[in-house]
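Here is the structure we will look at, set down as structure tokens.
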Amino acid sequence: MESPTKGTHQFRHGLASEMLRGGASLGEIGEVLGHRHLQTTAIYAKVDLDALRTLALPWPGEAQ
């Protein structure tokens, strides 16, 4: 994956995303990153949509 960020900024994004995947709350992630506001933490923590799709239940009536 190509990333436009380098160094500590990229590390913080990666750490937040790993913590989110591991089940940490945004509050916990924000505390580790030293953020005052959850909105700031949400910028760093990225959700893996492909991983979420594997957890989705089929829509009722959808062709299998």
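Rounding to the nearest 0.5 Å gives a distance of 6.0 Å between CG of Leu15 and CG of Leu33. The structure places CD1 of Ile43 at 11.0 Å from NE2 of His37, a figure rounded to the nearest 0.5 Å. Once rounded to the nearest 0.5 Å, the distance linking CZ of Arg12 with OG1 of Thr41 reads 9.0 Å.
Looking at residues two or more places apart in sequence or on another chain, you find a side chain to side chain contact (heavy atoms under 4.5 Å, CB included) between Leu38 and Leu26. For Ser25, the side chain to side chain contact (heavy atoms under 4.5 Å, CB included) partners are Glu28, not counting sequence neighbours.
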